[in-house]
Amino acid sequence: MTAKIKNILQKTGILLDYKPSNKRAALQEMGNFITKLYNLKPREFIVQKILDREAEMSTGIGYGIAIPHARIPGIEKLYMIVSRVSESIEFEAIDEKPVYLIFLLISPANTSTDHTRILSSLSRIVSYEEVRKELLKAEDAQEFLDVLIQGEDKYVK
């Protein structure tokens, strides 16, 4: 089965109007949230892997989007959450603009194909301005998820 965002991201993993104080806080809080949501352990190890990956190179891809990600030994499948921040934060993005949508992806250490496919699909979907605008104005998690799934169906083959 081909990895699809609609099979990974759940409505309960979408945080709207999130207010992190800075990039590091956002990564730590989102790391804690994803480990609690999916009961992943050890929590501290997973959060540190996310921080370590970000320290290597910023995952701010431009257009106000960041896609922090990490490969985690010992987990069995891909997990994703997303935060829409109410006040954009500095993320050292490639275009030097602040970030307002943060998609966090963690995957097993040995699944590079699915990991890369999801990162690529997500990057492609959010590269379209109309998708970004719809994500920013979604009124609830279900509408946000619907916009992403429609973008995936339309732009990812």
Side-chain angles (χ1 to χ4, degrees), residues 3-55 58-72 75-95 97-108 114-115 118-153 156:
K4 293 279 201 178
I5 293 165
K6 64 183 163 193
N7 298 329
I8 299 168
L9 183 62
Q10 298 177 12
K11 186 169 66 170
T12 54
I14 300 171
L15 303 171
L16 302 180
D17 303 317
Y18 176 54
K19 296 177 175 82
S21 55
N22 57 46
K23 175 182 174 177
R24 183 173 179 83
L27 294 171
Q28 287 177 313
E29 291 164 12
M30 289 180 72
N32 284 325
F33 179 70
I34 200 169
T35 58
K36 286 178 185 163
L37 182 65
Y38 296 109
N39 195 29
L40 303 173
K41 292 181 172 78
R43 182 183 56 77
E44 297 83 3
F45 174 76
I46 294 170
V47 171
Q48 191 58 53
K49 292 292 274 184
I50 294 165
L51 292 169
D52 291 349
R53 167 57 188 87
E54 189 68 28
S58 175
T59 56
I61 64 167
Y63 303 107
I65 311 292
I67 311 176
H69 55 276
R71 294 194 177 128
I72 312 292
I75 66 171
E76 301 299 317
K77 63 179 196 160
L78 281 76
Y79 297 94
M80 181 188 295
I81 61 169
V82 61
S83 295
R84 182 178 69 191
V85 298
S86 51
E87 296 176 20
S88 61
I89 59 172
E90 176 52 47
F91 222 88
E92 301 164 21
I94 195 166
D95 62 359
K97 293 185 178 164
V99 162
Y100 46 85
L101 292 172
I102 307 169
F103 296 85
L104 173 62
L105 175 69
I106 60 172
S107 61
D114 286 345
H115 181 92
I118 291 296
L119 289 175
S120 174
S121 295
L122 197 50
S123 297
R124 182 171 178 81
I125 294 163
V126 297
S127 72
Y128 291 92
E129 184 177 8
E130 77 269 13
V131 173
R132 293 192 307 273
K133 284 182 177 179
E134 292 295 316
L135 290 173
L136 288 176
K137 70 179 192 176
E139 293 190 18
D140 58 36
Q142 186 60 58
E143 185 179 343
F144 190 99
L145 184 59
D146 291 345
V147 169
L148 265 183
I149 290 170
Q150 289 165 5
E152 183 174 47
D153 290 344
V156 179

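- With sequence neighbours left out, the side chain to side chain donor-acceptor pair (under 3.5 Å) criterion links Arg24 to no other residue.
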(request) Output, in order, the C-alpha distance, side-chain angles, deciding distance and verdict of side-chain contact (heavy atoms from CB on, under 4.5 Å) for Phe33 and Leu15. (result) CA-CA 10 Å; Phe33 179 70; Leu15 303 171; 3.7 Å; yes
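- Side chains of Gln150 and Asp146: a donor-acceptor N/O pair is absent below 3.5 angstrom, by distance only.
- Between Ala141 and Leu16, the shortest heavy-atom distance links the atoms N-CD1, 3.6 Å.
- Closest non-hydrogen pair, Ile61 versus Ser123, comes out as CD1-OG, 4.1 Å.
- Counting non-hydrogen atoms of other residues, nucleotides and ligands closer than 6.0 Å to CD1 of Ile94 gives a total of 12 or fewer.
- Annotation: side chain of Pro108 is not in contact with side chain of Ile72 (no heavy-atom distance under 4.5 Å).
- Side-chain atoms of Glu134 and Val131, non-hydrogen and from C-beta on, never get closer than 4.5 Å to each other.
- Contact between Gln28 and Leu51 at its shortest, heavy atoms only, is CG-CD1, 3.8 Å.
- Side chain of Glu143 to main chain of Glu139: a donor-acceptor pair is present (N/O by atom type, distance under 3.5 Å, no hydrogens or angles).
- Thr35 OG1 to Glu44 CD: the interatomic distance, rounded to the nearest 0.5 Å, is 8.0 Å.
- When all heavy atoms of Ile118 and Ile5 are compared, the pair lying nearest together is CD1-N, 3.7 Å.
- Partners of Asn32 under the side chain to side chain donor-acceptor pair (under 3.5 Å) rule, at least two apart in sequence or in another chain, are Arg43.
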(request) Could you please spell out the steps behind the side-chain contact (heavy atoms from CB on, under 4.5 Å) verdict for Arg53 and Thr59? (result) CA-CA 9 Å; Arg53 167 57 188 87; Thr59 56; 4.1 Å; yes
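- In Glu76, the CD atom is not crowded: 12 or fewer heavy atoms of neighbouring residues, nucleotides or ligands sit closer than 6.0 Å.
- Side-chain contact between Ile106 and Leu40 is present, with heavy atoms from C-beta onward closer than 4.5 Å.
- Here the closest heavy-atom approach between residue Ser121 and residue Val156 is recorded as OG-CG1, 3.4 Å.
- In this structure, CG in Leu37 is found 4.5 Å from OG1 in Thr12, a value given to the nearest 0.5 Å.
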(message) For a side-chain contact (heavy atoms from CB on, under 4.5 Å) check, start with the C-alpha distance between Phe103 and Val126, then their side-chain angles and the critical distance, and finish with the verdict.
(response) CA-CA 11 Å; Phe103 296 85; Val126 297; 4.0 Å; yes
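- Not counting sequence neighbours, the partners of Tyr63 by the side chain to side chain contact (heavy atoms under 4.5 Å, CB included) test are Ile65, Arg132.
- Glu54 contributes no side-chain N or O that, together with a main-chain N or O of Leu27, makes up a donor-acceptor pair within less than 3.5 Å.
- Not a single side chain to side chain donor-acceptor pair (under 3.5 Å) links Glu152 to another residue, sequence neighbours left out.
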(request) Let me see the working for Asp153 and Lys6 under salt bridge (charged side-chain N to carboxylate O under 4.0 Å, His left out), right down to the final yes or no. (result) CA-CA 9 Å; Asp153 290 344; Lys6 64 183 163 193; 3.0 Å; yes
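- Rounding to the nearest 0.5 angstrom, the gap separating the CG atom in Asp140 from the CD1 atom in Ile14 is 9.0 Å.
- Annotation for Leu78 and Ser107: closest pair CG-CB, 3.6 Å, computed over non-hydrogen atoms.
- The side chain to side chain donor-acceptor pair (under 3.5 Å) test applied to Lys77 returns no partner, not counting sequence neighbours.
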(request) Could you give me the CA-CA distance, side-chain angles and deciding distance for Leu122 and Met80, then say whether side-chain contact (heavy atoms from CB on, under 4.5 Å) is met? (result) CA-CA 11 Å; Leu122 197 50; Met80 181 188 295; 4.1 Å; yes
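- You'll find the side chain of Lys137 stays beyond 4.5 Å of the side chain of Phe144, heavy atoms only.
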Distance-only criterion, 3.5 Å: show the donor-acceptor pairs between side-chain atoms of residues 81-93 and protein atoms not counting sequence neighbours.
from: Arg84; atom 1: NH1; to: Leu135; atom 2: O; distance (Å): 2.9
from: Arg84; atom 1: NH1; to: Leu136; atom 2: O; distance (Å): 3.0
from: Arg84; atom 1: NH1; to: Ala138; atom 2: O; distance (Å): 2.8
from: Arg84; atom 1: NH2; to: Ala138; atom 2: O; distance (Å): 3.2
from: Ser86; atom 1: OG; to: Tyr18; atom 2: O; distance (Å): 3.3
from: Glu90; atom 1: OE2; to: Glu92; atom 2: N; distance (Å): 2.7

